[in-house]
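By convention in this document, chain letters (A, B, ...) are assigned in the order of the sequence lines, proteins followed by strands, and residues within each chain are numbered from 1.
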2 protein chains.
Amino acid sequence: MNNRIQQLRKENKVTQNELADAVDVTRQTIISLENGRYNASLLLAHKIAEYFGLKIEDIFIFEENDL
Amino acid sequence: MNNRIQQLRKENKVTQNELADAVDVTRQTIISLENGRYNASLLLAHKIAEYFGLKIEDIFIFEENDL
DNA sequence: ATAAAATGTAAAGCGTGCTATACTTCAAAT
DNA sequence: ATTTGAAGTATAGCACGCTTTACATTTTAT
């Protein structure tokens, strides 16, 4: 599963630290999400979507391989 | 976090088994989700939303307590 | 009333989301 | 040139999503 977190972060000029604090996780979690090491939990996905004022499906990209 | 899975399932006359098969998890997983024992993963939430033709946020209800 | 289908409970085990800590690399600013 | 901030890597450890198996209860249909 891919996501647009890094892109949105840069568009909004937000650092990993700021985003991490805003959604209440560590910076490592944001790094790992951006670099595709694992998927967000539903709750974290929701917090991130809310932070950017978007829907979950607008940020997280579900592909065939995710089946 | 609450969800409308059971409600949607009954409205659409779908059994737990049918839904479980459709989204490729076990029946126990559906039961546990409906009874609030844990939250779905982002991927499972997406599959369930897709199954019912809805957005994730239309099915999973995020509350203040989920902070 | 009885059989079958649907829903539920319990518990052990595995993989992964997330934390915590520590160290590294690169870019920007002074 | 050196400091500072932002981004990255690595690793050990805990919590939870999900599976598996087995059994119990409730609902539906005949």
Side-chain angles (χ1 to χ4, degrees):
Chain A
M1 186 192 322
N2 264 347
N3 67 70
R4 295 174 50 223
I5 297 177
Q6 190 163 30
Q7 177 198 346
L8 288 165
R9 214 170 40 70
K10 290 185 172 163
E11 283 175 13
N12 294 285
K13 299 224 164 89
V14 175
T15 71
Q16 292 177 334
N17 248 317
E18 287 167 342
L19 176 57
D21 282 358
V23 299
D24 209 44
V25 294
T26 65
R27 190 171 59 91
Q28 314 310 318
T29 297
I30 300 299
I31 291 174
S32 295
L33 290 180
E34 289 188 358
N35 296 349
R37 282 197 230 300
Y38 51 70
N39 300 323
S41 69
L42 181 50
L43 187 53
L44 179 51
H46 173 253
K47 286 183 182 175
I48 293 174
E50 209 173 32
Y51 178 81
F52 288 117
L54 297 172
K55 293 268 179 184
I56 290 175
E57 283 95 341
D58 296 328
I59 299 185
F60 296 88
I61 297 152
F62 303 93
E63 296 154 345
E64 300 306 320
N65 283 4
D66 300 337
L67 293 177
Chain B
M1 186 193 322
N2 263 347
N3 67 68
R4 294 175 51 223
I5 297 177
Q6 191 163 28
Q7 175 198 346
L8 288 165
R9 212 169 43 69
K10 289 184 174 167
E11 283 175 13
N12 294 285
K13 299 228 164 88
V14 176
T15 70
Q16 292 177 335
N17 247 318
E18 288 168 342
L19 176 56
D21 282 359
V23 299
D24 210 45
V25 293
T26 64
R27 191 169 60 88
Q28 313 311 317
T29 297
I30 301 299
I31 291 175
S32 295
L33 290 180
E34 288 190 358
N35 296 348
R37 282 197 231 300
Y38 51 70
N39 301 323
S41 68
L42 182 50
L43 187 54
L44 179 51
H46 174 253
K47 286 183 184 177
I48 292 175
E50 208 172 34
Y51 179 81
F52 287 117
L54 296 172
K55 293 267 180 186
I56 290 175
E57 282 96 341
D58 296 329
I59 299 185
F60 297 87
I61 298 153
F62 304 93
E63 296 152 347
E64 300 306 321
N65 284 3
D66 299 337
L67 293 177

Please report the distance, rounded to the nearest Å, between [atom1] in [X] and [atom2] in [N].
| X | N | atom1 | atom2 | result |
| --- | --- | --- | --- | --- |
| A:Asn35 | C:dC18 | CG | P | 15 Å |
| A:Ile30 | C:dA20 | CD1 | C1' | 16 Å |
| A:Met1 | C:dG17 | CE | C1' | 12 Å |
| B:Ile31 | C:dA11 | CD1 | P | 16 Å |

Could you name each residue pair satisfying ring pair (Phe, Tyr, Trp, His ring centres under 6.0 Å) that touches [range], not counting sequence neighbours?
| range | result |
| --- | --- |
| residues 8-34 of chain B | none |
| residues 43-63 of chain B | A:His46-B:Phe62, A:Phe62-B:His46 |
| residues 11-41 of chain B | none |

Notebook entry, point to check: Sub-3.5 Å donor-acceptor pair from the side chain of A:Asp58 to the main-chain atoms of A:Leu54, do we have one?
Noted result: no
Check: Between A:Glu57 (side chain) and B:Ile56 (backbone), is there a donor-acceptor pair under 3.5 Å?
Finding: yes
Next item on the list: Please round to the nearest 0.5 Å and tell me the distance separating atom CD of A:Gln16 and atom CG of A:Asp21.
Entry: 12.0 Å
Item checked: Spacing of CG belonging to A:Leu19 relative to CD belonging to A:Gln6, to within rounding of 0.5 Å -> 11.0 Å
Margin query: At under 4.0 Å between heavy atoms, how does the protein contact nucleotides 15-29 of chain D? Give one character per nucleotide, 5' to 3', with B, S or -.
Written below: --SBBBB--------
Margin query: Hydrophobic cluster membership, with links at side-chain heavy-atom distances under 4.5 Å among I/L/V/M/F/W/Y: are A:Ile61 and A:Ile30 in one?
Written below: no
Next item on the list: Indicate, with yes or no, if A:Ile31 and A:Val14 share a hydrophobic cluster defined by side-chain heavy-atom contacts under 4.5 Å among Ile, Leu, Val, Met, Phe, Trp and Tyr.
Entry: no
Check: Bend angle of the helix from C:dA1-D:dT30 to C:dT30-D:dA1 from five-pair axes at both ends, rounded to 10°?
Finding: 50°
Check: Salt bridge between A:Arg9 and A:Glu18, side-chain N to carboxylate O under 4.0 Å?
Finding: no
Margin query: Can you list, in residue-number order, the parts of residues 2-18 of chain A that come under 4.0 Å of DNA chain D, counting heavy atoms only?
Written below: A:Gln6, A:Arg9, A:Thr15, A:Gln16
